[in-house]
Amino acid sequence: SLAANAISQLTEGNKENQNAFAETGAVQPLVAMLASSSPELQANAAGALSHRCHNNTENQAAVARTGAIAPLCALVREGLDIDVKEQSAAALWSLSHENNPNKATVAKLGGIEPLVTLLVTGETENSLDQTVGALGSLCSKHVDNREVIAKLMVARLGSRIAMVQTPG
């Protein structure tokens, strides 16, 4: 957990460190950490992957090739705590930013619906920030994702409004 957190801190906003960690083979262990039963370890690993891919197309592709997108989608849906969900949403945001193949992969692996759910049910300001960023990235310059996101948001918000208006 400490190692994942250190990687996260060292790569945040630092392209030189992002590339250095790309050369060390640190991605596969981070992806393996996503399957841990420890929420702290999951959150730190997702955060490290997020910072490693932020505005770095080479790292986005490398991380996607490891199969990281599937467990990140699952953690947004089923994460054990809000920090895991937030960090996983942030990682999906970083992976999909200006990357159409990764946008399509997130959609194919069912990552859009849990992001919309987290947006509607978000418990913290950070969860809202991360989900808005991820959903915005996923629909930017991607018509299919934009349509899916719009339909899901209308359905979720419509059911939430109906629930609020129902007596009792």
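Predicted model, so just to flag it, every value in this text is computed and none were measured. Quick note: numbers below take in every heavy atom, side chains included, and nothing from hydrogens, waters or symmetry partners.
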Locate the shortest heavy-atom distance separating Asn17 from Leu10; write the atom from each residue and the value. ND2-O, 2.8 Å

Give a yes or no answer on whether the side chain of Lys103 reaches the backbone of Ser140 with a donor-acceptor pair at less than 3.5 Å. yes

Does any non-hydrogen side-chain atom of Arg146 lie less than 4.5 Å from one of His142? no

Is there a donor-acceptor contact under 3.5 Å from the side chain of Glu86 to the main chain of Ser127? yes

Ser88 and Val76: which non-hydrogen atoms are nearest, and at how many Å? CB-CG2, 3.6 Å

Check: Thr66 side chain, Val63 main-chain N or O, donor-acceptor pair, under 3.5 Å: yes

Heavy atoms of Gly47 and Gln87 approach each other most closely as CA-OE1, 3.2 Å

Please report the closest heavy-atom contact between Ile7 and Ala48, naming both atoms and the distance. CG2-CB, 3.9 Å

Leu128 side, atom CG; Glu123 side, atom CD - distance, nearest 0.5 Å: 10.0 Å

Report whether Leu30 and Ile69 are members of the same hydrophobic cluster (ILVMFWY, side-chain heavy atoms less than 4.5 Å apart, transitive linking). yes

Is the backbone N or O of Glu12 less than 3.5 Å from a side-chain atom of His51, with the two atoms forming a donor-acceptor pair by type? no

Less than 4.0 Å between a side-chain N and a carboxylate O, is that true for Lys141 and Glu98? yes

Do Leu118 and Ile82 touch side chain to side chain, with heavy atoms closer than 4.5 Å? yes

To check you understand the geometry: which heavy-atom pair defines the closest contact between Gly79 and Lys85, and what is its length? O-CE, 3.4 Å

Pairwise side-chain contact, Leu72 with Leu95, heavy-atom cut-off 4.5 Å (strictly under): yes

Nearest heavy-atom neighbours spanning Gln130 and Ala90: OE1-CB, 3.1 Å

Are the charged groups of Arg156 and Glu113 less than 4.0 angstrom apart, N to O? yes

Is the backbone of Ala43 close enough, under 3.5 Å, to the side chain of Asp83 for a donor and an acceptor to pair up by distance? no

A side-chain contact here means heavy atoms from C-beta on lying under 4.5 Å apart; do Val106 and Cys73 qualify? yes

Could you walk me through whether His97 and Asn55 pass the side-chain contact (heavy atoms from CB on, under 4.5 Å) test, one step at a time? CA-CA 7 Å; His97 180 73; Asn55 291 327; 3.3 Å; yes

Check the hydrophobic clustering (I, L, V, M, F, W, Y; side-chain heavy atoms under 4.5 Å; chains of links allowed) and say if Trp93 and Met153 are grouped together. no

Look at the side-chain heavy atoms of Ile, Leu, Val, Met, Phe, Trp and Tyr, link any pair under 4.5 Å apart, and say whether Leu119 and Leu92 land in one connected group. yes

Donor-acceptor under 3.5 Å (Ser137 side chain, Gly133 main chain): no

Full working for side-chain contact (heavy atoms from CB on, under 4.5 Å) between Val148 and Asp144: CA-CA 6 Å; Val148 169; Asp144 293 338; 5.7 Å; no

Please report the C-alpha distance between Ser1 and Asn44 in whole Å, then the side-chain angles of each, then the deciding distance to 0.1 Å, and finally whether the side chain to side chain donor-acceptor pair (under 3.5 Å) criterion is met. CA-CA 6 Å; Ser1 180; Asn44 285 340; 2.7 Å; yes

Assess, by modelled atom type and distance only, whether the side chains of Gln18 and Asn56 contain a donor and an acceptor separated by less than 3.5 Å. yes

With rounding to the nearest 0.5 angstrom, report the CD1 to SG distance, Ile149 to Cys139. 4.5 Å

Distance-only, no hydrogens or angles: does the Gln42 side chain make a donor-acceptor pair with backbone N or O of Ser37 under 3.5 Å? no

Donor-acceptor under 3.5 Å (Asn145 side chain, Leu138 main chain): yes

Is any side-chain heavy atom of Pro101 closer than 4.5 Å to a side-chain heavy atom of Asn99? yes

Should we say atom NZ of Lys15 is surrounded by more than 12 heavy atoms from elsewhere, each under 6.0 Å from it? yes

